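Side chains are part of it too, since the values below use all heavy atoms of this structure and drop only hydrogens, waters and symmetry mates. What you are looking at is a predicted structure, and each value in this text was computed from that prediction instead of being measured. Labels below follow one simple rule: chain letters A, B, ... track the order of the sequence lines, proteins then strands, and each chain is numbered from 1.
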Amino acid sequence: MVAVVNFIAMGNYQARKIEQKWQKVWKASNLYKVDLDMAENGGGKKYYNLVMFPYPSGDKLHVGHWYNFGPADSWGRYKRMQGYNVFEPMGFDSFGLPAENYAIKSGVHPRESTTKNVEYMVKQLSEMGAMYDWDKTVTTSESSYYKWTQWVFLQLYKRGLAYKKKSPVNWCPGCQTVLANEQAQDGTCERCNSEVEHRDLTQWFFKIRDYAEDLLDHSELDWPEKTKAMQKHWIGKSTGIDITYKVEGTDDSISVYTTRPDTNFGATFVVVAPESEFVERNFDKFEDSAAVQVYIDKARKKTDIERIAEGRKKTGQFTGLYAINQLTDKKMPIYVSDFVLAHVGTGCVVGVPGHDIRDFEFAIEKGLEVIRVVVGKDGDETPIVRPEQVQEHEGTMINSQFLDGMDIHEATVKIMDYMEEKGYGKRVTNYKLRDWSISRQRYWGAPIPIVYCEKCGEVPIPEDQLPVELPMDIDFELKGDGKSPLYHSESFRKTKCPSCSGDAEREVDTMDTFLCSSWYYLRYPCSKMTDKPFDKAVVDEWLPVDMYIGGPEHACMHLLYARFVNMALHDMGHVGFKEPFKRLVHQGMVTKDGAKMSKSKGNVVSPDEFVEKYGSDVFRMYLMFMGPFVDGGDWNDKGITGIARFVDRFWTVVNSDEKVEDEALLNKNLNKLIKKISEDIEKMHFNVAVAALMEFVNFVMKNGIDKESKKIMVQLISPIAPHLAEECWEVLGKKFSVIDSGWPEYDKEAVIDSTVKIGIQINGKVRGEIEIGKDASQEDAISAAKALANVAKYLKEGEVVKEIYVPGRIVGFVIK
RNA sequence: GCCCAGGUGGCGGAAUUGGUAGACGCGCUGGAUUCAAAAUCCAGUUCUAGCAAUAGAGUGCGGGUUCGAUUCCCGCCCUGGGCACCA
């Protein structure tokens, strides 16, 4: 093609200046404020576009935030252009350990450092030019917010979903705080990496287990399959049976939980957890109680993780007691061993060494009998002496009296029926999910709204007396006495009972920040309300959240807690919807040199210098262009100039004379572009959407463009580069604002190519190419292919045994 | 160990109801412009051979199905993520 249109570089696009200009205009015109009262607003289609709110850390925003927030905002803009009434709020999850640890180190009060960080991050976020409605923001550490977090606690309390219990908990010596099991996953503190210890403390818990079944139901949710699977694993439902065995020579009995009762004819021993009630109850009856005590003491010093760290070698102490297996009348020795955990199942396990690898290892260690009761696919019936022989989760029963010859699944049902009939078995459902520990021995969190009165005992603060204010007079020096910081604030701790006005002490623990983040999506639309946390009519109109975007690391914690809290509020009638997040998308992680960015590694990349140099549009587009949104990637700034060049070219095209070489081709390419961008954004494939825009600009640089096409081109780039689009829109003399100009539709006829280029294959090898009508007949295609010299050459070499023609795809010849 | 993703040029990545692999961008090479440089523009760029036409190889490795495989099947290797002695 001859380049008839000469595009002369007309000076660079002044990104910074133009972006600041529009940010001011957008703000002044309240462009992104959403009228939440939809009935009054003529009732548009609502769209709640939410991104997980950031923690205001001292690092401020890093490129990972931009990677996350930029496309999320582009998604919201795309929805707005489609005519939705888009609500896109932003806030701060501002309670939490880092601010407190910083206070301990530096003496700077968390309120001060947090406020400073929030202010700076608001500035950074504003420079991004997202559609955030700052009138509807939340900051969880402000009393106007945490007042209602306390309200949420009280609702759960009233509903019977909050309770206290003394239990062994993970204690982090570094943070001087309790961690939920979920937060201490590899034996070290998730936040400070200290080795986790065990300690007994009285804690507040939420009964999330009561909602295990509801949480297991993902049927209403448009979520990644992976996330649903992770939650399912985390909840860990299993169906099995509690079997009760008599203990020889006592009146006591012992209950074990098993999912494999089919193997019970092979049971040869019983193991109980050191912390189990059975041990407590029968301690005096043990043959060598002193030895058992020594073993228990040793085990209790270990964390669950340390029990694992010892590898596969099993230890245990014989109690001297025997349980009787009713099926075989066998005496099964009872051991105490730390590979059994008290809080799982009944805290007692029946040992079937032939068909459970851990039981096998224990049996080998203790010289116990191993019986084979299942024959696997290999037909091996020899005695089990090697660990590899144990792996049998399918097969046929043997040595099991009336079960012999049955498939194990059939046998499982049969034996359960039998045991229930005989009265020593009871079918039960078990969940791995543990109740949610919400007490934190920390200062920087929402106080738990409970007092302990000498007369009345535990008394909840009446709702009209909220908030329980977090006191400012606090000494951040670690006392090392294990007490919560608030314990040392006399002004806080000493109080009067709301019920009898007598002397009382406040609960000095604060609440897990996951509680703050479990309901914030309800607060956003109602952030200014002072008399209630949210208005039911408003949240019922705007929720559930239509699109929720955040990291996959929250799959099992935040996303379960939020669902639980919402479900509980739903059951109490506070909200009319059960699930808070209808659609969920996880962005990928941005790493630096392959490692997760963190202050401790010193590899945090700030967006500021890039925004300063190239502007927000270029920076966000570059992050989108890196690859698929869900993949993430390793950060480097090598290619950013390519995006900057593209923006200049785009700007040049918009400002160029309107002269077109090939109008029909322009029309076709433009319609194809509309189709492509729409489909790509719909799939969140922003990288290929940007590529398509580049391709179109490259084409237009050669072919020229008319005014109407410029207009559409600007609309198409608008979600991706909002400032650029707004400026171009003005240049084109269009009415403010481009975002309310609608999303272009393509002409279905125009995108169809009448001719296509297809390859010619001979025995699967490409030997040429023809351009032919889209719906050309087989005859025409074959003869056109044969006419090619290079094709004819090969066809002469043998006999054509087959001719293949797939319209629009390929012509093929098979020759011999 | 188990489960889930993924492995494509020098680099980020595109393309999968099986049909011309490498769109777009970075980088690199050459050219235009310039006193010179930057910026910009034009051309080229998977590898090997060739002036070229073209030929051979090629989507982690080894097999298989097919006229035809990045795509489907079997067996490995590697990377990332999740779970981790849960009875």
May I ask you to check whether A/Ser238 and A/Tyr257 show a side-chain donor-acceptor distance below 3.5 Å? yes
Which listed nucleotide (B/rG25, B/rG19, B/rA87) is nearest to the side chain of A/Val806? B/rG19
Pick the closest RNA chain B nucleotide for A/Ile810 and for A/His233 by heavy atoms, then say which residue is nearer the 5' end. A/His233
Ring centroids only, cut at 6.0 angstrom: are A/Trp635 and A/Phe610 within range, meaning strictly under it? yes
Determine: side-chain N/O of A/Asn698 to OP1/OP2 of B/rA23, distance under 4.0 Å, yes or no. no
note: A/Tyr794, atom OH; B/rA55, atom P; distance rounded to Å ~ 4 Å
Side chain of A/Glu769 only, heavy atoms from C-beta on: which candidate in B/rU20, B/rA87, B/rC67 is closest? B/rU20
By nearest atom, which of the nucleotides B/rC83, B/rG27, B/rC86 is closest to the A/Thr641 side chain? B/rG27
Of the nucleotides B/rU20, B/rC67, B/rC24, which one has an atom closest to the side chain of A/Lys757? B/rU20
Which one, B/rA55, B/rU20, B/rA14, comes nearest to the side chain of A/Pro628? B/rA14
Proximal nucleotide (of B/rC24, B/rG27, B/rA21) relative to the A/Arg645 side chain: B/rG27
Do A/Glu771 and A/Thr755 have side-chain N/O donor and acceptor atoms under 3.5 Å apart? yes
Side-chain N,O (A/Lys232) to OP1/OP2 (B/rC83) below 4.0 Å: no
Would you say the base of B/rG19 and the side-chain of A/Gln761 have a donor-acceptor pair closer than 3.5 Å? yes
Start at the 5' end of RNA chain B and walk down; is the nucleotide closest to A/Val814 or to A/Thr258 reached first? A/Val814
Tell me which nucleotide among B/rC86, B/rC4, B/rG82 gets nearest to the side chain of A/Lys226. B/rC4
Side chain of A/Asn687: nearest nucleotide among B/rA87, B/rG13, B/rC67? B/rG13
OP1 or OP2 of B/rG68 under 4.0 Å from side-chain N/O of A/Arg809: no
A/Asn790, nearest nucleotide to its side chain (from B/rA87, B/rA55, B/rU20): B/rA55
Quiz question: by atom type and distance under 3.5 Å, do the side chains of A/Tyr805 and A/Glu779 form a donor-acceptor pair? no
Checking contacts here: which listed nucleotide (B/rC67, B/rC26, B/rC86) is nearest the side-chain heavy atoms of A/Leu341? B/rC86
